[in-house]
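One structure is given below, encoded as C-alpha cells.
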Amino acid sequence: QVQLVESGGGLVQAGGSLRLSCAASGRTFSRNVMGWFHQAPGKERQFVATINYSGDSIYYADSVKGRFTISRDNAKFTVYLQMNSLKPEDTGVYYCASRRRQYSTISLTEYEYHYWGQGTQVTVSP
C-alpha cells in the first residue's frame, strides 16, 4: 500500500512562490507515476502536473505551464511541486496522487490514479 502526505501549503500574496512536498511510503513508490491535482473552492478537482518514475516524462496543465515545476527524489520518497508566480485562481487544495506500479505512463486524469493524499491548502491573496 502507498501512503501520501502533502505539506508546504499556506498563504501567499499573488506573484509569490510556494513549494509543496508529497512524502510517500509504500512498497512501489520508486516506480510509481505521480501527479498533482488542484481543487479550487466550489469547483471540480483538476489536473496540474504528472511525472513518471524516472523523471524523464513530465506534463503540465496549460494553466500552470511555465510557472510550476514538478520533480521527484526517489531516494527521499518525495515528490515536489514548485509553484512560482502564483495567482489568486491557484487558490485551493492541492492533492498528491500515485498510479499503481504496473502503470508506467503519465496520466492527466484522476481516474487513473489509485492512491491519494489528504491535500494541502494553498491560498493566494490578490
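The structure presented is a predicted model; accordingly, all values stated were derived computationally and were not measured. In this chain, numbering begins with 1 at the start of the sequence shown.
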Minimal non-hydrogen separation, Leu4 against Ser98, with atom names | CD1-N, 3.8 Å

Residues which pass ring pair (Phe, Tyr, Trp, His ring centres under 6.0 Å) with Tyr94, listed by chain and number, not counting sequence neighbours = His38

Under the salt bridge (charged side-chain N to carboxylate O under 4.0 Å, His left out) rule, collect the residues that match up with Lys43, sequence neighbours excluded.
-> none

Listed by chain and number, what are the salt bridge (charged side-chain N to carboxylate O under 4.0 Å, His left out) partners of Glu89, not counting sequence neighbours?
-> none

Separation of Met34 CE from Ser107 OG (nearest 0.5 Å) = 13.0 Å

Report the residues that fulfil side-chain contact (heavy atoms from CB on, under 4.5 Å) with Ser17, sequence neighbours left out, ordered by chain and then residue number.
-> Gln82, Asn84

Which residues share a side-chain hydrogen bond (donor to acceptor under 3.5 Å, both in side chains) with Asp90, sequence neighbours left out = Arg67

Taking all non-hydrogen atoms of both residues, which atom of Tyr113 and which atom of Gly35 are closest, and how far apart?
-> CE2-N, 3.6 Å

Identify, with sequence neighbours excluded, every residue that meets ring pair (Phe, Tyr, Trp, His ring centres under 6.0 Å) alongside Phe47.
-> Phe37

Value for CD (Gln39) from CD (Glu110), rounded to nearest 0.5 Å, stands at 8.5 Å

Examine distances only and state if a side-chain atom of Tyr60 and a backbone atom of Ile70 form a donor-acceptor pair shorter than 3.5 Å.
-> yes

Verify, without hydrogens or angle tests, whether Asn52 (side chain) and Thr105 (backbone) share a donor-acceptor contact under 3.5 angstrom.
-> no

Any donor-acceptor pair under 3.5 Å linking the side chain of Thr91 with the backbone of Val124?
-> yes

Minimal heavy-atom distance between Ala14 and Pro126, with the atoms involved, is CB-C, 4.1 Å

Rounded to the nearest 0.5 angstrom, the CD-CD distance for Gln3 and Gln118 is 9.0 Å

pair Arg72-Val79: side-chain heavy atoms closer than 4.5 Å | yes

